[in-house]
A.B. asks: 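Shown below is the structure under consideration.
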There are 2 protein chains.
Amino acid sequence: MRLESATLTSPPNPLTCCSPLRTAPMDVQQATDLAPILKAIADPSRLRLLSIIAADARGEVCVCDLNDALDLSQPTISHHLKVLHEADLLIREKRGVWVYYSVNTETLNSLCALFGGVC
Amino acid sequence: MRLESATLTSPPNPLTCCSPLRTAPMDVQQATDLAPILKAIADPSRLRLLSIIAADARGEVCVCDLNDALDLSQPTISHHLKVLHEADLLIREKRGVWVYYSVNTETLNSLCALFGGVC
DNA sequence: CATCGATATTGACAAAGATCGATGTGTGGG
DNA sequence: CCCACACATCGATCTTTGTCAATATCGATG
């Protein structure tokens, strides 16, 4: 007996439009929309990037710092950040020459809700 | 204020050994161990299979039913179930000729905790 | 405006993964 | 003991993806 009316204000987010896993079987559309978001975090390098940003006290990290944090080339880091950003997991903000990424808390919470059904 | 002592009884579960994303940066080992579990659910077909099983009222589903539920060949379904099982997301039980899968609630809860830090 | 430094994009390539048909394995019934 | 059925494994194929070197873009600064 749950209202599925979250589609009004924000851009259509496959996560918030989606009931918790244990509530109902997922149809093809839901699964197709959801998979890319999960694929985005299902990579060791991206997991590390995300956790570095998520755990940062200032709430944001400059790309220049991320480039040094992992043993990967600059284009590869840039690619991973793009994947995370397009999955709505990271928020991008350009300031001057630098680019800062912060985590999208809403998406993380939705992921939690997907698995738990409680959060 | 969470006790991190879950490594005594059960097989080493990379999820329960892992603090929530927002707590601390993940090292290479943690990320490498965690990624396969997330990869397992980061596929549309496996998402559907998992949700079908998770939403089932009896708490378990026979493979023979899953074979009909998705528009995929029997070997492909079997492969996906194996991936989910090896990621500790599904519990497998053979009864006679039939095989029944149920969700591993612990793993799902751990995933929730990973993203939320609260569950 | 020429240049430098920070990110992003492109193109290429190897590795991983999703899928299927064919075949193997094991269980229960006749 | 043999057959039918449920499920798993194998081998092949096609697509996706992670990675890098090279190059492009874009903003600041002299």
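Residue numbering restarts at 1 for every chain, and letters A, B, ... go by the order of the sequence lines.
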A.B. asks: Applying side chain to side chain contact (heavy atoms under 4.5 Å, CB included), run through B:M26 and A:L50 and close with a yes or a no.
C.D. replies: CA-CA 9 Å; B:M26 208 173 284; A:L50 186 62; over 6 Å; no

A.B. asks: Verify the contact: side-chain N or O of B:K82 to OP1 or OP2 of D:dA8, cut-off strictly under 4.0 Å; return yes or no.
C.D. replies: no

A.B. asks: So which atom in B:I41 and which in B:L89 form the shortest heavy-atom distance, rounded to 0.1 Å?
C.D. replies: CG2-CD1, 3.5 Å

A.B. asks: Within less than 4.0 Å of OP1 or OP2 of C:dA8, is there a side-chain N or O belonging to A:Y101?
C.D. replies: yes

A.B. asks: For the pair made of CD in A:E93 and P in C:dA6, what is the distance, rounded to whole Å?
C.D. replies: 19 Å

A.B. asks: Taking CG from A:D65 and P from C:dG5, how many angstroms apart are they, rounded to a whole number?
C.D. replies: 17 Å

A.B. asks: Tell me the interatomic distance from A:L66, atom CG, to C:dA6, atom C1', rounded to whole angstroms.
C.D. replies: 13 Å

A.B. asks: When the distance from CG of B:L84 to C1' of C:dA18 is rounded to whole Å, what number comes out?
C.D. replies: 14 Å

A.B. asks: Taking OH from A:Y100 and P from C:dA6, how many angstroms apart are they, rounded to a whole number?
C.D. replies: 12 Å

A.B. asks: For the pair made of CD1 in B:I41 and C1' in C:dG17, what is the distance, rounded to whole Å?
C.D. replies: 17 Å

A.B. asks: Could you list the protein-to-nucleotides 24-27 of chain D atom pairs, N/O on both sides, closer than 3.5 Å?
C.D. replies:
none

A.B. asks: For residues B:L90 and B:H85, report the shortest heavy-atom separation together with the two atoms involved.
C.D. replies: O-ND1, 2.9 Å

A.B. asks: Identify whether any heavy atom of B:H80 sits under 4.0 Å from a base atom; if not, whether one sits that close to sugar-phosphate; answer base, sugar-phosphate or nothing.
C.D. replies: sugar-phosphate

A.B. asks: Looking at B:A87 and B:A40, what are the two nearest heavy atoms and their distance?
C.D. replies: CB-CB, 3.6 Å

A.B. asks: Check for a donor-acceptor pair, side chain of B:R92 on one end and backbone N or O of B:L81 on the other, with a separation under 3.5 Å.
C.D. replies: no

A.B. asks: C:dA16 pairs with which nucleotide, Watson-Crick or G-U wobble, both distances below 3.5 Å?
C.D. replies: D:dT15

A.B. asks: Using a heavy-atom distance cut-off of less than 4.0 Å, which residues of residues 69-77 of chain A contact DNA chain C?
C.D. replies: A:Q74, A:P75

A.B. asks: State which residues pass side-chain hydrogen bond (donor to acceptor under 3.5 Å, both in side chains) with A:R48; sequence neighbours excluded, sorted by chain then number.
C.D. replies: none

A.B. asks: Using a 4.0 Å heavy-atom cut-off across all strands, classify B:R92 as base, sugar-phosphate, or nothing.
C.D. replies: sugar-phosphate

A.B. asks: Taking A:H80 for the side chain and A:R46 for the main chain, is one N or O donor matched with an acceptor at less than 3.5 Å?
C.D. replies: no

A.B. asks: Quick check: does any side chain N or O of B:K39 sit under 3.5 Å from a backbone N or O of A:A42, one acting as donor and the other as acceptor?
C.D. replies: yes

A.B. asks: Do the side chain of A:Q30 and the main chain of A:D27 share a donor and acceptor less than 3.5 angstrom apart?
C.D. replies: yes

A.B. asks: A:I77 and A:L66: which non-hydrogen atoms are nearest, and at how many Å?
C.D. replies: CD1-O, 3.8 Å

A.B. asks: Nearest whole Å is fine: how far is C:dG17 P from A:L38 CG?
C.D. replies: 16 Å

A.B. asks: Check DNA chain D against residues 43-53 of chain A and give the residues with a non-hydrogen atom under 4.0 Å, in numerical order.
C.D. replies: A:D43, A:S45, A:R46

A.B. asks: Identify the heavy atoms of A:L21 and A:F115 that sit nearest to each other, and give their distance.
C.D. replies: CD1-CD2, 4.0 Å

A.B. asks: For nucleotides 13-16 of chain D, tabulate all protein N/O to nucleotide N/O atom pairs closer than 3.5 Å, reporting atom names and distance.
C.D. replies:
none

A.B. asks: How far apart are the closest heavy atoms of A:V61 and A:I52, and which atoms are they?
C.D. replies: CG2-O, 4.2 Å

A.B. asks: Not counting sequence neighbours, which residues clear side-chain hydrogen bond (donor to acceptor under 3.5 Å, both in side chains) with B:N67? List them please.
C.D. replies: none

A.B. asks: May I ask you to check whether A:S110 and A:T107 show a side-chain donor-acceptor distance below 3.5 Å?
C.D. replies: no

A.B. asks: Take atom NE2 of A:H79 and atom P of D:dA21, then tell me their distance rounded to the nearest Å.
C.D. replies: 16 Å

